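Working notes, structure below.
Naming convention: chains lettered A, B, ... in sequence-line order (proteins, then strands); numbering from 1 in each chain. Nothing here was measured: the structure is a model prediction, and the numbers come from that model.
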Number of protein chains: 2
Amino acid sequence: MATTTAAQKRAATKAVYDAFLAGCPSRKLLDRISDKWVALVLAALGSGPDCAGEPRAMRYSELARLLAGVSQKMLTQTLRALERDGLITRTATPTVPVTVTYELTGLGLSLHEMMRGLKTWAQANMDEVLTNRSAYDSRSR
Amino acid sequence: MATTTAAQKRAATKAVYDAFLAGCPSRKLLDRISDKWVALVLAALGSGPDCAGEPRAMRYSELARLLAGVSQKMLTQTLRALERDGLITRTATPTVPVTVTYELTGLGLSLHEMMRGLKTWAQANMDEVLTNRSAYDSRSR
DNA sequence: CAGTATCCAGCTAGATACTG
DNA sequence: CAGTATCTAGCTGGATACTG
């Protein structure tokens, strides 16, 4: 039926695109790293407090103190998610009271490196974006 | 007063960290690109429908058709945000009815290149993440 | 110390309807 | 064709309180 061809084409396109989205590794990656606290935990474990040091293990309370403003709920949730993905390891030492440390895995370290590339782009270009933004705003107002 | 020193220290740390967060270019970049439709529009304008072609201008309706599932509201909102940031240009041709095309700027193209690096990491490593994820789930259940 | 459990306010995405 | 306007349901994140 020639009259349904166009509609069929569009449906096919949508199906392909939906599948692309659902399976897209980039989308999954973005979903993970775009989380505010994920990025910060990664930065903390990967580069220390000032984002300029060495990767090192940190305790739960140390992270909580460093990421000022994070709620316990979000910190725990974030750490669990990263552990689940194999990006960090959780180590509990049965002292009294218990001591728990978190550390980047090789995979987590690799992700951290990738995010430094992102950081480089941001430092090089976000000023221009911000300039464009305020120029646009003053024009339309 | 020596008794307030610890509290003062923590308050100072928090203040520094809050300032770091507010001004951090990386944070602003993440806020922009983590948006689902931003990433998709960038990919569409930068690499064509199949993410493998050349950067080219596209019409509003063409984008709407390609990004199957996007609402008019979100598409318009996304395009406005990208235009505001100087990442794409909007060109309206006064035909009847009006024709509007969107195209990446140099800055937008540069961002698109950066995101291809992210895509590379995702394609190389997300499989491992997904494996870890299901292993973790089957362990704890 | 290192969490877990619960509740709720705020924002946002999407559906829907309308227009120059 | 390319939008704008409005409404609302659902999710997310934070505050709070409790615990092995």
Locate the shortest heavy-atom distance separating [X] from [Y]; write the atom from each residue and the value.
| X | Y | value |
| --- | --- | --- |
| M58(A) | A44(A) | SD-O, 3.8 Å |
| S34(A) | S34(B) | CB-CB, 2.8 Å |
| V70(A) | M74(A) | CG2-CB, 4.0 Å |
| R27(A) | A39(B) | NH1-CB, 4.0 Å |

Could you check T101(B), T99(B), T76(B) and say which one makes a side chain to side chain donor-acceptor pair (under 3.5 Å) with Y60(B)?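 Result: among T101(B), T99(B), T76(B), T76(B) is the only option passing the side chain to side chain donor-acceptor pair (under 3.5 Å) with Y60(B).
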Between S61(B) and Q77(A), just flag the one whose closest nucleotide in DNA chain D comes earlier from the 5' side.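 Final value for this comparison: S61(B).
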Would you kindly give the [atom1]-to-[atom2] distance between [X] and [N], to the nearest whole Å?
| X | N | atom1 | atom2 | value |
| --- | --- | --- | --- | --- |
| L79(A) | dT4(C) | CG | P | 10 Å |
| L75(A) | dA2(C) | CG | C1' | 10 Å |
| D31(A) | dT12(D) | CG | P | 11 Å |
| M58(A) | dA2(C) | CE | P | 12 Å |
| M74(B) | dT12(C) | CE | P | 10 Å |
| R90(A) | dA2(C) | CZ | P | 10 Å |

Qualifying salt bridge (charged side-chain N to carboxylate O under 4.0 Å, His left out) pairs, either residue in residues 68-86 of chain B, two or more places apart: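 Those involving residues 68-86 of chain B are R133(A)-D85(B), D137(A)-R84(B), R32(B)-D85(B).
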Contact under 4.0 Å: [X] side-chain N or O vs [N] OP1/OP2:
| X | N | answer |
| --- | --- | --- |
| Y102(B) | dG3(D) | yes |
| R65(A) | dA2(C) | no |
| R80(A) | dG3(C) | yes |
| T99(A) | dC1(C) | no |
| R59(B) | dA2(D) | yes |
| W37(B) | dG14(C) | yes |

Quick one, [X] and [Y] - any side-chain contact, counting heavy atoms below 4.5 Å?
| X | Y | value |
| --- | --- | --- |
| D127(B) | V129(B) | no |
| T78(B) | K36(B) | no |
| L82(A) | L45(A) | no |
| W37(A) | L75(A) | no |

Under 3.5 Å, which N/O atoms of the protein pair with N/O atoms of nucleotides 8-11 of chain D?
none

Counting primed atoms, P, OP1 and OP2 as sugar-phosphate and everything else as base, the B/S/- map of nucleotides 15-20 of chain D against protein heavy atoms under 4.0 Å is B-B---
Given axes from five pairs at either end, by how many degrees does the helix from dC1(C)-dG20(D) to dG20(C)-dC1(D) bend, rounded to 10°?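 End-to-end axis angle for the helix from dC1(C)-dG20(D) to dG20(C)-dC1(D): 50°, rounded to 10°.
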Counting only pairs under 3.5 Å, give me each side-chain donor-acceptor contact of residues 106-116 of chain B, with atom names and distances, residues two or more places apart or in other chains.
from    : atom 1 : to      : atom 2 : distance (Å)
S110(B) : OG     : W121(A) : NE1    : 2.7
H112(B) : NE2    : S47(B)  : OG     : 2.9

Donor-acceptor pairs under 3.5 Å, side chain of residues 86-93 of chain A to any protein atom, not counting sequence neighbours: which ones?
from   : atom 1 : to      : atom 2 : distance (Å)
T89(A) : OG1    : E103(A) : O      : 3.4
R90(A) : NE     : Y102(A) : OH     : 3.4

